[in-house]
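Reading through the structure tokens given below for one structure.
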Amino acid sequence: MNVLVIGASVGGLTVVEALRAKGFDGMIRLVGEERHRPYDRPPLSKEVLTESWPMERTLLRGDDPPDCDLVLGRRAVHLDLGVREVALDDGRRLPYDRLVIATGLTPRRLPGQRLLAGVHTLRTIDEAIALRAALHAATRVAVAGAGVLGCEIAAAARTLGLPVTLVDPAQVPMARQLRTTLGRMVGAMHEKQGVELRLGTGVASFLGTARVEGLELTGGGTVPADLVVVTAGSVPATGWLNGTGLGLNDGVECDAYGRAAPDVYAVGDVARYPHGRVESRTNATEQALTVAANIMGEERPFSTIPYFWSDQYGVKIQVHGTIGPHDRIRWTDGDPEQPRWVALAENGEAVTAAVGWNHPRGARLARRQVG
């Protein structure tokens with residue numbers, strides 16, 4: 001048997017390592033679109049931008065994956081399920097007995113977003129390098145999108161001493177992840193650090209000719225900026241799978257075992273399991289471990305409590321579970337006026353999430369109540 005893994009980030013690499021750890025002795029080929037060895041993405045918007053980490057520290061391994069044919073700088077362009085081959089952009093056709101799709105996400109563009117100098121996205125290490133250099137030359141930064149990534153980039157830019165405006169159609173930052181009560185606390189934290197919040201309004205257009213000069217907002221008014229970072233969400237990288245017969249609905253549709261088709265699996269941000277699609281490093285790792293076990297014949301359904309974390313201004317926010325739009329927040333250790341606390345999100349009698357604010361141990365203990 002040979003296993004072909006398309007996508008060389010944490011999900012794809014974990015599949016390789018888990019298979020070898022379980023004694024798989026067949027051929028494994030790991031294909032990555034980027035020229036870099038597998039690296040960790042979460043530090044890109046924090047430690048890399050503020051230069052508190054050297055770039056080398058983001059590498060997931062100090063050497064190549066164990067006993068693996070690593071193909072870097074090549075993009076998958078087509079999957080043929082009938083002959084069990086994946087075509088690459090250099091013309092090669094790679095056969096497989098088992099295929100794992102781990103191609104992740106592609107940043108979403110805003111309507112009317114033009115190709116102007118000074119407009120950035122952040123998904124890859126090369127984009128992080130370019131944005132870091134641009135921050136050193138910038139005089140005013142606008143971040144279009146106040147989700148986790150946008151808030152972290154805004155925090156990094158403020159840490160570097162730059163004026164920052166954070167724009168989002170939602171009424172609070174991180175609204176999708178934290179909802180109103182906790183999102184309002186994140187907004188207050190950013191305002192305390194000097195970030196200007198322009199919430200409840202979107203981006204109507206980008207100002208400037210050759211180089212960006214600011215944003216025009218849908219709610220009226222403008223935001224001056226010579227550097228704009230667009231963090232308006234991402235879409236699953238499934239374009240190369242169009243017409244294959246796989247279910248593609250906000251990601252690659254999989255069953256509870258990670259199967260998208262016979263002998264075809266998907267993991268990470270690109271994968272949509274029966275409980276939904278989750279964008280998180282931890283989720284990608286845990287799905288990869290499950291899929292590796294199932295390739296080895298264990299038939300293990302995937303089950304987990306979703307988890308994500310975010311570091312902003314030295315504050316670590318951790319969420320185990322999923323906070324619903326109508327959940328109430330109840331503090332169980334400390335209170336929102338203190339620098340560290342733990343809270344539970346509850347819907348009726350059910351605990352839907354445990355939240356820690358600078359309290360990793362408390363959040364980990366509270367996680368036991370989720371479910």
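- A donor and an acceptor atom, one from each side chain of Thr222 and Glu216, are nowhere located under 3.5 Å apart.
- To the nearest 0.5 Å, atoms CZ (Arg29) and CG (Asn2) are separated by 7.5 Å.
- In the displayed structure, Glu299 atom CD is contacted under 6.0 Å by more than 12 heavy atoms of other residues, nucleotides or ligands.
- A donor-acceptor contact shorter than 3.5 Å is absent between the side chain of Asn294 and the backbone of Glu298.
- Gln318 and Tyr307 share a side-chain donor-acceptor pair at under 3.5 Å.
- The two residues Ala292 and Leu19 have their closest heavy-atom pair at O-CD2, 3.6 Å.
- A donor-acceptor pair shorter than 3.5 Å cannot be found between the side chains of Glu253 and Tyr273.
- With no hydrogens or angles considered, no side-chain donor-acceptor pair links His326 and Asn347 at under 3.5 Å.
- Taking each heavy atom of Met174 and Gln312 in turn, the nearest pair found is SD-NE2, 3.5 Å.
- Two residues are said to be in side-chain contact when any heavy atoms from C-beta on lie closer than 4.5 Å; Leu49 and Leu122 meet this criterion.
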- Item | Verdict with reasoning, Glu152 to Ser310, per side-chain hydrogen bond (donor to acceptor under 3.5 Å, both in side chains) | CA-CA 7 Å; Glu152 290 179 348; Ser310 179; 2.8 Å; yes

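- Around NE2 of His136, the count of heavy atoms belonging to other residues, nucleotides or ligands within 6.0 Å exceeds 12.
- Contact annotation: the side chain of Leu215 never approaches that of Leu207 to less than 4.5 Å [non-hydrogen atoms, C-beta and beyond].
- Thr121 and Glu127 share a donor-acceptor pair across their side chains, judged by distance under 3.5 Å alone.
- Placement of Met189 and Val141 within a single hydrophobic cluster is found when ILVMFWY residues are connected by side-chain heavy-atom separations under 4.5 Å, directly or transitively.
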- Query: Can Thr165 and Arg140 be said to form a side-chain hydrogen bond (donor to acceptor under 3.5 Å, both in side chains), step by step?
  - Reply: CA-CA 8 Å; Thr165 302; Arg140 187 168 186 87; 3.3 Å; yes

- Task: Apply the test ring pair (Phe, Tyr, Trp, His ring centres under 6.0 Å) to residues His190 and Tyr313: give CA-CA distance (whole Å), side-chain angles for both, the deciding distance (0.1 Å), then the verdict.
- Result: CA-CA 9 Å; His190 278 273; Tyr313 307 112; 5.0 Å; yes

- Give the intermediate values and the outcome of salt bridge (Lys or Arg N to Asp or Glu O under 4.0 Å) for residues Asp250 and Arg272. CA-CA 7 Å; Asp250 185 35; Arg272 185 175 185 86; 3.1 Å; yes

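- When the side chains of ILVMFWY residues are joined at heavy-atom separations under 4.5 Å, either directly or via intervening members, Leu217 and Leu116 end up in a single hydrophobic cluster.
- Note on Asp269 versus Arg123: salt bridge recorded, some NZ/NE/NH1/NH2 to OD/OE distance being below 4.0 Å.
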Run the side-chain donor-acceptor check on residues 176-187: report pairs under 3.5 Å with partners two or more places apart or on a different chain.
residue, atom, partner, partner atom, Å
Arg179, NE, Ile323, O, 2.9
Arg179, NH2, Ile323, O, 3.3

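- Between Arg61 and Glu17 a salt bridge is recorded (basic side-chain N to carboxylate O distance below 4.0 Å).
- Ile125 and Val48 end up in the same hydrophobic cluster when Ile, Leu, Val, Met, Phe, Trp and Tyr side chains are linked at under 4.5 Å.
- Heavy-atom minimum distance, Ala137 versus Asp226: O-OD2, 4.5 Å.
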- Task: Could you walk me through whether Thr352 and Glu346 pass side-chain hydrogen bond (donor to acceptor under 3.5 Å, both in side chains), step by step?
- Result: CA-CA 6 Å; Thr352 59; Glu346 299 172 328; over 6 Å; no

- Query: Can you check side-chain hydrogen bond (donor to acceptor under 3.5 Å, both in side chains) on Thr50 and Ser52, steps first, answer last?
  - Reply: CA-CA 5 Å; Thr50 59; Ser52 57; 3.3 Å; yes

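- A salt bridge is defined here as a Lys NZ or Arg NE, NH1 or NH2 lying under 4.0 Å from an Asp or Glu carboxylate O, and Glu213 with Arg211 fails to meet this definition.
- Of the residues Arg368, Arg361, Arg367, the one that meets the side-chain contact (heavy atoms from CB on, under 4.5 Å) test with Arg364 is Arg361.
- For the residue pair Arg41/Tyr39, the side-chain donor-acceptor check at 3.5 Å is satisfied.
- Checked for salt-bridge contact, Asp126 and Arg35 meet the test: a charged N lies under 4.0 Å from a carboxylate O.
- Scanning all heavy atoms of the two residues, the minimum distance from Pro38 to Leu13 falls at CB-CD2, 3.9 Å.
- The local environment of CG in Asp335 is crowded, with over 12 non-hydrogen atoms from other residues, nucleotides or ligands closer than 6.0 Å.
- With respect to Asp263 and Arg98, a salt bridge is recorded, a charged nitrogen being found less than 4.0 Å from a carboxylate O.
- Criterion: ILVMFWY side-chain heavy atoms under 4.5 Å apart, direct or through other members. Under it, Leu110 and Val228 are part of a common hydrophobic cluster.
- Once rounded to the nearest 0.5 Å, the distance linking CD of Glu286 with OG1 of Thr290 reads 7.5 Å.
- Using a cut-off of 4.0 Å between Lys/Arg side-chain N and Asp/Glu carboxylate O, Arg74 and Asp89 are scored as salt-bridged.
- For Leu60 against Ser9, the heavy-atom pair with the smallest separation is CD1-C, 4.3 Å.
- Between Trp341 and Trp331, the two ring planes are perpendicular [angle over 60°; tilted spans 30° to 60°].
- When side chains are defined from C-beta on, Phe302 counts as touching Thr304, because their heavy atoms get closer than 4.5 Å.
- With hydrophobic clusters built from ILVMFWY side chains whose heavy atoms lie under 4.5 angstrom apart, Leu160 shares a cluster with Val143.
- Judged purely by distance below 3.5 Å, without hydrogens or angles, the side chains of Thr58 and Glu56 never pair a donor atom with an acceptor atom.
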